[in-house]
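Lettering follows sequence order; numbering is per chain, from 1.
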Amino acid sequence: MPESLTRAVRWDTVVGALLIVLLLLSFSFVDGFGNALNLSFLIGNTLPIALIALPMTLLVVSGEIDLSVASTAGLSGAVMGKLWNEGMAIETIIPLCLLLGVVCGLVNGLLVTRLGLPSLAVTIGTLAAYRGIAQIVLGSDAVTDFPTQYLDFAAGRVGDSFLPQAFLPFLALLAVAAVVLHATPFGRSLFAIGAGEEAARFAGIRVKRAKLLLFGATGFMASLTGVFWALHYASARYDNATGLELSVVAAVLLGGIDFDGGKGTLGGAIAGVFLLGALQNVMSLLNVSAQSQIVVTGVLLVVSVLGPRVARQISVARAGRRAASAPVPKAPPTPAA
Amino acid sequence: MTHPSDTGPAPVLALRDVVKSFGAVRALRGVSLELFAGEVHALAGENGAGKSTLIKTLAGVHRPDAGHVLLDGEPVQFHGPGDARDAGIAVIYQEPTLFPDLSIAENIFMGRQPRRALGRIDHKATRDATAALMKRLGVGLDPDRPARGLSIADQQIVEIAKALSFDARVLIMDEPTAALTGSEVARLFGVVRTLREQGAAVLFISHRLEEIFEICQKVTTLRDGAWIAGEPLAGMTEDDLVRRMVGRDLDELYPKQEVAPGEVALSVRRLTREGVFTDVSFEVRRGEIVGLAGLVGAGRTEVARAVFGIDRWDAGEVEVDGRKLTNGAPSTAMAAGLALVPEDRRAQGLVMDMSIERNIGLTGLRTTVKAGLVDRGAERSRSLDWAVRLQVKYARIADAVSTLSGGNQQKVVLAKWLATDPKVLIVDEPTRGIDVGTKAEVHRLLSRLAADGVAVLMISSDLPEILGMADRVLVMHEGRLTAEIPRSDATEETVMAAATGRAA
Ligand SMILES: Nc1ncnc2c1ncn2[C@@H]1O[C@H](COP(=O)(O)OP(=O)(O)OP(=O)(O)O)[C@@H](O)[C@H]1O
Ligand SMILES: [Mg+2]
């Protein structure tokens, strides 16, 4: 049984291995993949997904989700452009935008925790609302003339390596998120909340506060991503980052974070992010049509939702445990209390 | 193993030399059992002995690794619980598995509701049939009520009603009485006797030995998955049975220590939750074990939940060691030294998919911390320490609690809360589903805690447990405290009279 248990938990290793295999194959067989410029493109384009995936992983582990992240990113980019046009100093604008992101996140969090609404529904609503506000703020303008040292930082590389400069702060954030999720009491309580919210509450865990905090942090990271996006692509428009939430969710699920909460590792999620990013990069290099790329991503999403479950199912069947946990074979119901 | 049925009528349902393992755990090792029509057969054994596994094998949930299931003397292969049901076997599992969003009536007649023309579900007939079942069991549950939010006892009653609704030839019941009080048990036994007279074969599991002696004619005993004995109960004593289960003589079941009560540790004043309980006031002193008795639905659990902060109260106040608790805040209650062992271990007590280690660790997230991080070494030794002290039977401490037997899960819940070193301990059905040996162990533990100055409030449906352990008995009836009976005056009669509202 120990052997099968580890097998069940180790979907994240599978994803990590897949990523390495893909990279090795691409270096060997895909023209233009290995040069520094392409690699920096790959990483730079994946960074926005990776940044948001950090808090999203924690959120999904706790059993919630935030689909409004891309809109929050777009909104903070739009506000940044607007205020810059108004002549405000960029040093003031950026903190304001981040604050705005926190507010967006807290609005989601309050709707979920105070009114008890499902986060999927709430954030589909705010997905539309935040994007709408972004359009009202900036209209169809594109603001491009941000200060050069900021643009250079967001688009630049470390020395003449392939690493984008922004990758270093990301690593720091990744370390923070990993420690929070896997080593702190707070992170431990997130797993408990996701796997058994009522039992978590009975253990004195402040479930609502934890969720509110996570939504706030997600808003913060989304707006940080929005700021990065506008600088990285030197363009603040209301429709920046449209659709990014799907990539984030797909990547996080691919990385083995259980949609029902309570399971997964941050390492797996980030491996999922870069697997998806690398795959898209390779497909572009191979001139795969946009439609086919979408199909591949879709298939991957299905695999990502099924993969960990199938892996677990197999190990469960091995240990003969499935039968015991579900006396009635169809749709095991939860106890009614 | 002998096969005594070579003459006489064939058993309705039987197991022969059945073996069943889960990985390295050998849950059943060559077990035989025969159920005859018109007979109630008990299955006895400690927690983890393999009783539930045996039942699931009979019911077609598990396929035996070796050995046979025999129906009317012929070997059969059930390919799932559906097959067993079609063969006339109704099963009440240890843990209720109701659909929370369906009504009680829908849960009972799931997939086989009475139909009207054009195949439409006849809701009225469904409801009436449910009401009739409830009447038979003597409970007043509304058939239209959704299953969500039902107490464990009520869920158990719905499961019983569901099993009865099949008119089965064989009725199998895995600890159906664990959460029930005396009067509900009496009703259930009345129904079981009628079924038996009508020729049904019944298999019954309970850790309350007096129930086994009251209703059963034969008993099969398991120990660590092995068949120990299958024999008539007539002429046996409880001690005989315990010896077969445990393999030795048992220490005293209610090892009550006399402790001089200290200062007031828990004080509840005029606590009211609209429509649930009203004007409840009581105190528990250090060193005291106070029993809280009452019928199912009297509001005992609800008071405990409010005191601990799970539900908000509308009026009144709660103090622990002179410190007022915040309304609706379990974390502050815990910080003040309060612990609650809740009644529903699967939903409230445990995170089923988490390991034993981490479940026990959940209550220590504030204390087993080093530099802001979880101190894994300390967490592991804290969990191991308590798992061992409560004699939890497990393969590895990192296994999910869902792989444990019911009684062992209950021990993990106890471990999780005792590990917080509480000043005031509220236990809601602390020995539900726990075998006699461990029950004595838990009682000894509670007694020792009280001697060390912990104030214990014990809610229990097991009246002998209350009478055996409590210094004082508080009795609730329909949301109000109706009596406070000192140990010297507490008897089954006085407590039941107050619980049923017959006396003040
Ligand atoms: N699905 C499972 N996976 C792994 N081990 C299991 C599983 N089901 C039962 N076991 C193990 O098999 C043994 C017998 O368990 P079982 O549930 O039959 O005990 P029980 O006699 O019903 O105990 P209790 O009185 O506590 O309900 C235990 O050691 C238990 O941990
Ligand atoms: Mg059992």
Side-chain angles (χ1 to χ4, degrees), chain A residues 1-6 8-9 178-210 258 260-263 312 315-337, chain B residues 20-25 52-53 56 59 61-63 80-82 91 93 95-100 146-152 155 308 310 329-331 333-335 340 342 344 346-354 358 361-363 365-366 369 372-374 395-396 398-400 402-403 416:
Chain A
M1 203 167 59
E3 159 212 351
S4 48
L5 263 182
T6 42
V9 179
V179 167
V180 167
L181 181 62
H182 293 297
T184 64
F186 178 73
R188 191 59 71 75
S189 62
L190 296 183
F191 282 99
I193 292 171
E197 184 166 331
E198 200 181 1
R201 214 155 63 86
F202 271 83
I205 292 168
R206 294 160 80 172
V207 174
K208 289 185 176 175
R209 200 187 60 154
D258 193 315
D260 293 333
K263 288 193 193 77
R312 207 170 303 136
S315 66
V316 163
R318 283 236 176 118
R321 262 188 293 147
R322 180 178 47 185
S325 60
V328 184
K330 281 189 295 184
T334 45
Chain B
K20 176 77 197 172
S21 298
F22 300 103
V25 180
S52 298
T53 307
K56 287 178 185 162
V61 176
H62 292 322
R63 194 94 37 88
V91 185
Y93 295 99
E95 310 292 349
T97 49
L98 302 177
F99 293 91
R148 188 185 298 287
L150 285 179
S151 73
I152 287 287
Q155 292 181 43
F308 188 66
I310 297 294
S331 53
M334 270 173 80
L340 169 68
D344 182 348
R346 299 215 317 161
Q348 301 164 345
L350 299 169
V351 180
M352 295 304 285
D353 286 344
M354 264 194 177
R358 296 210 165 173
L362 273 189
T363 53
L365 288 181
R366 275 193 204 81
V369 178
L373 306 183
V374 178
R396 312 158 102 234
D399 287 346
S402 56
T403 63
K416 163 181 169 183

For [X] and [Y], work out which heavy atoms get closest and say how close.
X       : Y       : result
R188(A) : L365(B) : CG-CD2, 3.7 Å
F202(A) : Q348(B) : CB-O, 3.3 Å
A192(A) : L362(B) : CB-CD2, 3.7 Å
S331(B) : G204(A) : CB-O, 3.4 Å
G196(A) : V351(B) : N-CG1, 4.0 Å

- Sorted by chain and number, sequence neighbours left out, side-chain hydrogen bond (donor to acceptor under 3.5 Å, both in side chains) with T53(B) holds for none
- Mind checking side-chain hydrogen bond (donor to acceptor under 3.5 Å, both in side chains) for R206(A) and listing every partner two or more places apart, or none if nothing turns up? none
- Between chain A and each of I310(B), V369(B), D353(B), count heavy-atom pairs under 4.5 Å; write down the option with the most.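 Highest number of pairs under 4.5 Å: I310(B).
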- With chain A, the option among K416(B), M352(B), M354(B) that has the most non-hydrogen atom pairs under 4.5 Å is M354(B)
- Message: If I measure from the heavy atoms of chain B, does F186(A) come under 4.5 Å with its side chain, its backbone, both, or neither?
- Response: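 Contact with chain B involves no heavy atom of F186(A) at all.
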In terms of heavy-atom proximity below 4.5 Å to chain A, should [X] be classed as side chain, backbone, both, or neither?
X       : result
L350(B) : backbone
V374(B) : both
R366(B) : side chain

